[in-house]
Number of protein chains: 2
Amino acid sequence: MSTDHPTPTLHARHDHAHCVADALTRADALCAQRGARLTTLRRRVLELVWSSHRPRGAYAILEDLSQQDGKSTAPLTVYRALEFLVEQGLVHRIESLNAYVGCASPGASHSGQFLVCEGCGDAAEIDDSSIRTAIESAAIARGFRVQRPTVEVRGVCKDCQEKHP
Amino acid sequence: MSTDHPTPTLHARHDHAHCVADALTRADALCAQRGARLTTLRRRVLELVWSSHRPRGAYAILEDLSQQDGKSTAPLTVYRALEFLVEQGLVHRIESLNAYVGCASPGASHSGQFLVCEGCGDAAEIDDSSIRTAIESAAIARGFRVQRPTVEVRGVCKDCQEKHP
DNA sequence: GTAGAGATGTTATAAAATAACATCATGAGC
DNA sequence: GCTCATGATGTTATTTTATAACATCTCTAC
Ligand SMILES: [Zn+2]
Ligand SMILES: [Zn+2]
Ligand SMILES: [Zn+2]
Ligand SMILES: [Zn+2]
């Protein structure tokens, strides 16, 4: 029995509840420290983004939210919460998927580099200084001032390679 | 007098007609060589994508097309042409803009790296081996098999920096 | 408590992309 | 030339993603 995207396999079998709890705790701390308001709604959206390591679309989150509450929510509600979360660096938008994923290390410097698996759908965030440096150098060489580098690498993760050799 | 995105400034003042002619010639040659059918429609869409160095949205191209012909064209027509052009490596899709831009060196190896200027909107395609290598190494280190790296760097180009210092 | 700012609700609409099916054009083989 | 298979385009409808405009609520500072 298998579906297209079975279970998250970022690191095969891990305590994901811990990922979520940890993310929420750090978010609480960061926002408190910054005086940013992590409201109930925003916190809930953050939790839903973190429901797996697969980037989720705004409308998927919307559905979750509506389902949980019974009452239906408007898209804008979700988009606004996501906007806040992205601004605070708690969530990243994966441009090539029109989807959002929890940030692995909020607070730290962020260039946003992702390995996105075509098999399981997981997006692993990395922060590779060689990539950052290489991009910066290439830009400087052309007189280009970097503001926001986007790196999204499609491919197949280790686990998925082993499953389909 | 100035608009948001005045004229392409990829390399300030250049013979852009030459860029276009060149791109079309190379496209003709490549497709002939591959037995791919660069039909009138596809060729026209390619020309419209090349109308500047700014990535253009599918619907913008659609408008151009409809306007030129008088008769209105369906979105799908444009999307199908773009799909073909992307498959042939003649055009790149800029994920973070939902837009398309002509490829600077079709036929050659393609990792698709872009410096996208927030000022003039131009997207300069680069093919930097350090970036390619850094991504590949980072992926390998994690057992990840790279299929399609996406690099889209937002920032400000040289010309735009000089204009707004 | 009252104002003001920021957050959320509500309704409508825009922008981007695809699905399903019909028709047309092209080129290989006869 | 004609026929047929394949691929390209036309047509209509729909889905998915994102934003605009304006009303209401809520928290906080004073
Ligand atoms: Zn986890
Ligand atoms: Zn995988
Ligand atoms: Zn040019
Ligand atoms: Zn510029």
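Protein chains get the first letters and strands the later ones, always in sequence-line order, with residue 1 at the start of each.
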Distance in angstrom units between Gln88(B) CD and dG7(D) P, rounded: 14 Å

Test item: Val101(A) and Phe114(A) side chains (from C-beta on) under 4.5 Å apart, heavy atoms: yes

side-chain N/O Asn98(B) vs dA17(C) OP1/OP2, d < 4.0 Å: yes

For atom CG of Leu62(A) and atom C1' of dT15(D), their distance in whole Å: 15 Å

Interatomic distance where CD belongs to Glu83(A) and C1' belongs to dT17(D) [whole Å]: 15 Å

Cluster link Val116(B) to Ile126(B), ILVMFWY, side chain under 4.5 Å: no

Nearest-angstrom distance from the residue atom OH of Tyr79(B) to C1' of dG10(D): 17 Å

First of Pro75(B) and Leu97(A) reached from the 5' end of DNA chain D, by closest nucleotide: Pro75(B)

Distance test, side-chain N/O of Thr39(A) to OP1/OP2 of dT8(C), below 4.0 Å: yes

Interatomic distance where CD belongs to Glu95(B) and P belongs to dA17(C) [whole Å]: 9 Å

Check ion pair Asp128(B)-Arg132(B) (N to O, under 4.0 angstrom): no

Arg93(B) CZ - dA16(C) C1' separation (whole Å): 8 Å

Ion pair Arg154(B)/Glu152(B), N-O distance below 4.0 Å: no

Under-3.5 Å donor-acceptor pair between Arg80(B) side chain and dG10(D) base: yes

Ring centers of His14(A), His16(A) separated by less than 6.0 Å: yes

Side-chain N,O (Thr77(A)) to OP1/OP2 (dT8(C)) below 4.0 Å: no

Value in whole Å for how far the C1' atom of dT9(D) lies from CZ of Arg43(B): 19 Å

Closest-nucleotide 5' rank along DNA chain C - winner of Thr40(A) and Tyr100(B): Thr40(A)

Presence of donor-acceptor pair under 3.5 Å, side chain of Tyr59(B) and base of dA14(C): no

Residue met sooner reading DNA chain C from 5', once Leu76(B) and Arg37(A) are mapped to nucleotides: Arg37(A)

Nearest-angstrom distance from the residue atom CZ of Arg42(A) to C1' of dA7(C): 6 Å

